[in-house]
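These notes are about the structure you will find just below.
Lettering follows sequence order; numbering is per chain, from 1. Only a predicted model underlies this, so the values are computations on that prediction, with no experimental measurement involved.
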Amino acid sequence: MPVQVIDGSPETLLPSHLQKVDLKYLQMGCDQANKYFQGTVILSYPLTKLGNGTEFFKIVLQESENSCSKTSTINVLFFGRLADDCGKVVHQGDTMVVAGFNLAKSPSANEDDRHCCHLEVSEDAGSTIYPVAPKYTYTPLSHLKGGTIVNLYGAVKFFKPPYISKGTDYCSVVTIVDQSNVKLTCTLFNGNLDALPKIYKIGDIVRFHRIKIREYNEQMQGITGIGFASLTFDGTVGAPIVPRTSSKSYSFTEEEQKTIEELRMWAASNLSVCGPTAKLSGVQPMLFFDLTCQLVGKAEVDGSSFLLKVWDGTKCPYPSWKVLVEESDLEGDKVLIHQLRNLIVDILVYDNHVKLAKSLKVGSFLRIYSLHTKQASAENQPDVSYVEFHLHGGTCYGRGIRVLPENNPDVKELKAFMDSVNLTESQNVESMSSLELDGIFGSLSLCHFLTDQSYSERCQQLSVTVLTDHQHLDDTALNTILNSAAPQQYRIRAKLRTFKPQKLYQSVKLYCSKCNSLQEVPDGDDFDLILRDCAATAPNPEVHNSLWYDSAVWDTENQGQRKIAVHFVKHDELLQEPEDTLIMVQGGTLKEIRKLSRRFKCIIPVRSTKEDLELLDLSAPFLLQGKIWHYGCKQCSNQKTIQSLSSLAEEEPSWEPTEIARVLGIEPLQYVFVMKFTLDDGTGTLDAYLFDYEKFFQIPASEVLTSSLLQEKMEMIMNILCPPGTKLDDLPWLECFIRSYNVKDGMEQQVCYQIFDTMVAEDVI
DNA sequence: GTTTAGGATTCG
């Protein structure tokens with residue numbers, strides 16, 4: 001690294017083999033290999049090129065401790081890349097250390113009265129330049145005075161992306177605000193686009209160095225001057241603090257990291273950052289919004305307008321205009337444009353934006369600010385309306401275009417989304433275009449109806465899960481969620497990195513909605529043991545046959561004394577069809593009860609006491625209905641006698657499990673899937689619980705344990721949601737709705753997340 | 001030598 005900023009004292013921070021040399025000891029013929037010279041820049045010349053094309057840069061350094069002596073200054077000549085790098089970052093007044101220099105006779109010593117030698121530095125000579133980071137002080141925006149040059153921090157409240165001014169430079173207008181709640185609008189000029197702050201969003205944080213403050217219209221104004229430099233940071237709380245800058249070298253201390261975090265936090269609650277961004281799928285006619293998209297084609301239309309063909313992976317819900325241009329004028333991959341024709345929208349940009357639009361590269365990612373959608377209809381078909389996209393002339397409201405770098409998080413997300421579109425696009429797009437061809441988009445209300453439908457269809461193809469509500473909400477990035485206070489609800493789009501339990505049958509639990517307790521589903525073998533235990537006592541004939549049930553007893557072969565008693569519950573003193581009948585069984589084995597449950601609607605396992613029949617312990621199911629075994633909560637149930645069932649038998653009995661539980665004084669437990677999903681959207685990772693009775697998998701939790709078919713189905717779904725051995729990039733997307741909530745874990749408060757209003761897409765099932 | 005723009009939507 002030929003240029004390394006030193007943040008602190010050079011004596012302690014420079015490599016230990018380097019020794020400081022005074023000007024008076026600098027002589028030709030002495031070995032300078034391990035020497036360094038430290039001085040203050042008192043003069044710097046413009047960066048130029050030598051006759052042979054080599055970059056050249058010259059400064060004058062003054063020896064810090066010896067400033068009164070006549071020969072306290074020395075010329076330093078930079079060659080090649082080092083000249084280029086230093087020429088851009090060195091300012092008058094900076095302190096700098098030069099090591100690994102060559103000493104040469106100064107041809108101008110007689111004229112400039114400086115040291116008789118000069119220092120030559122270049123990468124080839126193995127030189128290293130250490131600019132010593134000055135201790136910057138930052139002025140709060142409430143303390144600005146006209147006619148000063150200051151360093152500032154601020155959150156971006158408003159900005160115009162750089163545009164070509166009428167002069168010679170690019171211009172960007174940026175309004176910043178800080179914790180003092182004072183705004184400052186800065187007008188920034190530079191001939192080099194890269195030198196202007198790389199602001200992509202309201203809420204980004206900027207650091208300006210050496211900005212001139214002056215008064216304009218009785219207000220403070222910031223303006224670029226000599227040595228202006230800026231850093232820009234993502235304004236998202238908790239996002240990595242990576243400065244966006246064209247500077248090759250800049251100071252950046254831990255303290256400054258803290259400043260940015262503080263400003264982010266402040267801006268998050270004091271700055272409205274929810275700019276008018278939208279996806280094409282969310283556009284409304286008559287709207288200004290910011291669009292993040294990819295350029296797939298461009299064409300000159302006339303002198304004052306230019307066509308951009310863009311897409312963002314989503315479909316505009318309205319038919320949009322197609323701007324007619326000569327095929328030969330259209331730049332871009334014609335095949336791709338044809339393939340994406342139903343997702344692409346045509347944008348006309350006007351006047352001052354034309355020059356910038358012309359320079360855009362097809363394939364690049366753009367953010368188009370304050371794009372205008374306008375509803376129009378054809379002259380000859382007034383009932384058929386469509387949407388036009390205009391980027392009007394001028395820069396009001398930050399109207400403009402900015403190229404986003406490939407590593408921008410929004411671009412990464414967009415790319416991933418576009419990739420997922422590609423997989424299924426053809427069939428999907430074709431089916432939708434046939435809808436459009438029907439010409440039924442004439443009325444807006446009908447259009448909405450169709451859009452909602454096709455939108456949900458699209459979601460199902462693009463994401464392996466779909467929302468059952470809240471489709472109108474925008475996605476929130478996981479890192480934003482992780483840095484926000486609970487409770488809140490979010491729509492997210494993420495990938496399922498992993499999940500627990502991996503053995504899917506372990507995800508089924510029993511839940512008591514009264515005491516909120518969760519418990520494992522008892523093992524079938526446990527039930528068998530309880531049944532065997534009951535069977536050891538013979539049925540009491542005295543409690544057989546009553547007003548509301550008839551009883552029958554069977555003997556078993558070669559099984560000792562075991563008898564099976566079945567009590568058929570009557571309605572209106574009559575027996576019903578078996579498929580409508582509830583029976584109470586005593587002395588049966590698990591195998592026998594299973595067999596009976598195929599034939600009778602409901603089975604209640606019982607035993608007999610001297611006086612009556614009674615329910616078994618609640619470790620056993622209190623009711624079996626087909627393959628579903630119903631359990632009761634031991635804590636919350638307050639069991640009543642079996643006689644209570646007679647009240648149900650009197651009415652036309654439908655034998656609803658909840659009704660049976662109610663009359664028996666049992667608090668029924670519900671079967672639920674409880675799983676932990678580790679979700680990842682590229683911005684962060686979050687564990688969300690799935691707590692689902694049936695909705696998510698479209699499989700009732702109550703039937704999974706007794707159905708190998710349903711278990712296979714669930715396994716298949718999870719294999720689609722999270723295919724084993726797949727890289728994160730290749731995993732499918734999940735659209736989910738999650739809520740955050742606080743959980744007290746001893747002394748510590750913890751935030752948990754739960755998935756809800758989400759289900760596996762129909763085409764996955 | 002130090003402009004340009006100086007926030008505040010819409011013709012197309």
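- Between A:Phe233 and A:Phe252, the distance from one ring center to the other falls under 6.0 angstrom.
- We find that CZ of A:Arg214 is positioned 10 Å from P of B:dT4, with the value rounded to whole Å.
- At a threshold of 4.0 angstrom between heavy atoms, the contacts of A:His392 include nucleobase atoms, whether or not backbone atoms are also involved.
- As judged by a 4.0 angstrom heavy-atom cut-off over every strand, A:Asp302 is placed among residues making no nucleic acid contact.
- Taking the six-membered ring for Trp and the full ring otherwise, the centers of A:Phe56 and A:Phe79 sit less than 6.0 Å from each other.
- With hydrogens and angles left out, the side chain of A:His390 and the base of B:dT10 share no donor-acceptor pair within 3.5 Å.
- Aromatic ring centres of A:His390 and A:Phe288: separated by at least 6.0 Å.
- Out of B:dT4, B:dA8, B:dA5, the shortest distance to the side chain of A:Thr168 is found at B:dT4.
- By the stacking rule of 5.5 Å between ring centres and under 30° between planes, A:Phe158 stacks on the base of B:dG7.
- Taking CD from A:Gln375 and OH from A:Tyr386, the interatomic distance works out to 10.5 Å, rounded to the nearest 0.5 Å.
- Comparing B:dA5, B:dT9, B:dC11 by their nearest atom to the side chain of A:Arg399 picks out B:dT9.
- We find that CG of A:Asp169 is positioned 12 Å from C1' of B:dG1, with the value rounded to whole Å.
- In the set B:dG12, B:dT9, B:dA5, the nucleotide with an atom closest to the side chain of A:Cys396 is B:dT9.
- Using P as the reference atom, B:dT10 and B:dG6 are 14 Å apart when rounded to the nearest Å.
- Rounded to whole Å, the distance from CD1 on A:Ile164 to P on B:dA5 is 12 Å.
- Counting non-hydrogen atoms under 4.0 angstrom, A:Tyr163 reaches the backbone sugars and phosphates but no base.
- Nearest heavy atoms, A:Ile176 versus A:Tyr153: CD1-O, 4.3 Å.
- For the pair A:Phe228 CZ and B:dT2 P, the interatomic distance rounds to 21 Å; values are reported in whole Å.
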**OP:** I would like to know whether A:Glu261 and A:Arg264 meet salt bridge (charged side-chain N to carboxylate O under 4.0 Å, His left out); could you show each step before the answer?
**Re:** CA-CA 5 Å; A:Glu261 264 313 336; A:Arg264 280 174 166 179; 3.0 Å; yes
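- Here A:Lys157 does not reach the OP1 or OP2 of B:dG7: none of its side-chain N or O atoms lies under 4.0 Å away.
- Stacking is found between A:Tyr350 and the pyrimidine-like six-membered ring of the B:dG12 base under the 5.5 Å centre-distance and 30° plane-angle cut-offs.
- One can find a donor-acceptor pair under 3.5 Å joining the base of B:dG7 and the side-chain atoms of A:Thr175.
- Following rounding to the nearest Å, A:Lys212 (NZ) and B:dT3 (C1') show an atom-to-atom distance of 12 Å.
- For the pair A:Ile368 CD1 and B:dT9 C1', the interatomic distance rounds to 16 Å; values are reported in whole Å.
- The aromatic ring of A:Phe189 does not sit over the base of B:dA5; the criterion of centres under 5.5 Å apart with planes under 30° is not met.
- Using a 4.0 Å heavy-atom criterion, one finds that A:Gly393 contacts the bases of the nucleic acid, with or without backbone contacts as well.
- In terms of phosphate contacts, A:Lys160 brings a side-chain nitrogen or oxygen within less than 4.0 Å of OP1 or OP2 of B:dA8.
- Remark: ring of A:Phe288 overlaps the six-membered base ring of B:dT9 in a stacked fashion, centroids less than 5.5 Å apart, planes less than 30° apart.
- Contact annotation for A:Ile223: base contact, defined as any heavy-atom pair under 4.0 Å involving a base atom.
- The nearest whole Å value for the distance from the OH atom in A:Tyr397 to the P atom in B:dT9 is 5 Å.
- No contact: A:Ser305 has no heavy atom under 4.0 Å from any strand.
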